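Here's the structure we're looking at; comments come further down.
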Amino acid sequence: MTGGPRRCLRRVAAAEIFWVVTVRPGGGPHVTPVIAAWHDDVLYFSTGPGEQKARNLAHDAHCALLTGTNSLTDGFDLVVEGKAAPVGDPAVLEEVIAAYEAKYGAHITSAEGTFHGIGDAMRSGDAVLFAVTPVTAYGFGRDEGVYSHTRWSF
């Protein structure tokens with residue numbers, strides 16, 4: 001698959017579900033699904049402060065976020081690598097909450113939504129917002145059996 005980093009980042013911005021990979025203190029991987037929002041060239045996700053991924057990131061900030069499809073012959077998969085840093089700036093926090101709400105709509109904003117209250121949880125510290133600035137990304141395309149692999153550096 002050809003295309004520069006902007007094409008990769010458009011796909012990242014549009015993806016709804018990611019798998020975040022963190023490193024356990026013993027060196028093993030920990031993988032779990034998350035929702036994430038792209039804002040100002042940074043990928044954001046959140047988790048509870050006591051969750052395994054938050055504990056792992058406190059020990060080692062390296063992580064990867066993966067998204068894509070599970071079809072053998074069609075689709076496009078992405079791997080975004082970087083370091084996660086907790087967001088402490090209240091202005092950035094509000095901008096990212098707005099990005100989450102714009103992206104996920106009723107899933108976050110309505111009382112019946114799956115992630116309702118996530119913005120308030122971020123504001124109160126019941127959820128930690130992490131910022132991942134991409135360092136490297138990989139794209140794996142499958143177009144009717146034609147496979148491609150692209151690496152982007154940022």
Side-chain angles (χ1 to χ4, degrees), residues 1-23 29-48 51-54 56-57 60-110 112-123 127-154:
M1 180 79 47
T2 59
R6 288 286 146 214
R7 182 174 181 177
C8 167
L9 298 178
R10 280 193 304 272
R11 289 180 184 268
V12 167
E16 294 180 341
I17 297 291
F18 292 81
W19 291 85
V20 61
V21 182
T22 59
V23 182
H30 177 259
V31 183
T32 187
V34 295
I35 60 173
W38 180 253
H39 177 69
D40 284 348
D41 295 332
V42 177
L43 188 57
Y44 293 89
F45 71 94
S46 66
T47 188
E51 297 281 333
Q52 183 68 52
K53 56 189 158 293
N56 293 346
L57 292 169
D60 185 339
H62 290 93
C63 66
L65 287 109
L66 301 82
T67 190
T69 61
N70 62 0
S71 170
L72 182 61
T73 58
D74 292 301
F76 194 83
D77 301 324
L78 284 166
V79 177
V80 177
E81 297 178 341
K83 288 185 176 180
V87 174
D89 182 332
V92 172
L93 182 69
E94 290 303 322
E95 290 174 10
V96 175
I97 289 170
Y100 265 89
E101 290 174 348
K103 181 175 183 178
Y104 292 101
H107 290 291
I108 289 177
T109 58
S110 76
E112 296 79 27
T114 307
F115 298 99
H116 179 68
I118 194 170
D120 289 335
M122 289 178 198
R123 289 181 190 100
V128 180
L129 182 65
F130 286 95
V132 179
T133 302
V135 174
T136 306
Y138 301 91
F140 302 91
R142 295 170 310 286
D143 185 15
E144 297 181 10
V146 177
Y147 300 94
S148 61
H149 175 204
T150 303
R151 180 182 187 272
W152 296 278
S153 296
F154 300 89

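Throughout, residue positions are numbered sequentially from 1 according to the sequence presented. Here the structure is a predicted model, which means the values were calculated and not measured.
Side-chain atoms of Phe140 and Val79, non-hydrogen and from C-beta on, do get closer than 4.5 Å to each other. The side-chain heavy atoms of Ile35 and Ile108, taken from C-beta on, include a pair separated by under 4.5 Å. Put simply, the side chain of Val132 reaches to within 4.5 Å of the side chain of Leu65, judged on heavy atoms. Within the 4.5 Å cutoff, the side chain of Val80 has no heavy atoms near those of the Phe154 side chain. With a 4.5 Å cut-off on side-chain heavy atoms, Val20 and Thr32 count as touching. Considering only heavy atoms from C-beta on, Leu57 comes within 4.5 Å of Cys63 through its side chain.
When the side-chain hydrogen bond (donor to acceptor under 3.5 Å, both in side chains) test is applied to His62, the partners found at least two apart in sequence or on another chain are Asp60. Under the side-chain hydrogen bond (donor to acceptor under 3.5 Å, both in side chains) criterion, Asp40 pairs with no residue, sequence neighbours left out. For Thr22, the side-chain hydrogen bond (donor to acceptor under 3.5 Å, both in side chains) test picks out Asn56, with sequence neighbours left out. Taking Glu94 as the reference, Arg123 meet the side-chain hydrogen bond (donor to acceptor under 3.5 Å, both in side chains) condition, with sequence neighbours excluded. When the ring pair (Phe, Tyr, Trp, His ring centres under 6.0 Å) test is applied to Phe45, the partners found at least two apart in sequence or on another chain are Phe130.
A pairwise comparison of heavy atoms in Leu43 and Ala36 identifies CD1-CB, 3.9 Å as the closest pair. Here the shortest heavy-atom pairing between Met122 and Ser46 reads CE-OG, 3.6 Å. Between Tyr138 and Trp152, the shortest heavy-atom contact is C-CZ3, 3.7 Å. Val42 and Ala131 make their closest contact through CG1-CB, 3.6 Å (heavy atoms, listed as atom of the first residue, atom of the second, distance). Residues Ile17 and Thr67 come closest through the heavy atom pair O-OG1, 2.7 Å. Between Gly48 and Ala54, the closest heavy-atom pair is O-CB, 3.4 Å.
Counting only residues at least two apart or on different chains, the side-chain hydrogen bond (donor to acceptor under 3.5 Å, both in side chains) pairs with a member in residues 70-91 are Asp77-Arg142. Sorted by first and then second residue, the salt bridge (Lys or Arg N to Asp or Glu O under 4.0 Å) pairs involving residues 130-139 (not counting sequence neighbours) form an empty list. The stretch residues 97-109 participates, sequence neighbours left out, in no side-chain hydrogen bond (donor to acceptor under 3.5 Å, both in side chains) pair at all.
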- Task: Go through the steps for Val12 and Leu78 under the test side-chain contact (heavy atoms from CB on, under 4.5 Å), then give the verdict.
- Result: CA-CA 8 Å; Val12 167; Leu78 284 166; 3.8 Å; yes
- Message: Apply side-chain contact (heavy atoms from CB on, under 4.5 Å) to residues Trp38 and Val96 and explain how you reach the verdict.
- Response: CA-CA 8 Å; Trp38 180 253; Val96 175; over 6 Å; no
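Using bins of under 30°, 30° to 60° and over 60° for the plane-to-plane angle, the ring pair His39/Tyr44 lands in the tilted bin.
Evaluated for a side-chain contact (heavy atoms from CB on, under 4.5 Å) with Lys53, the options Val31, Val21, Val128, Thr47 yield exactly one hit, Thr47.
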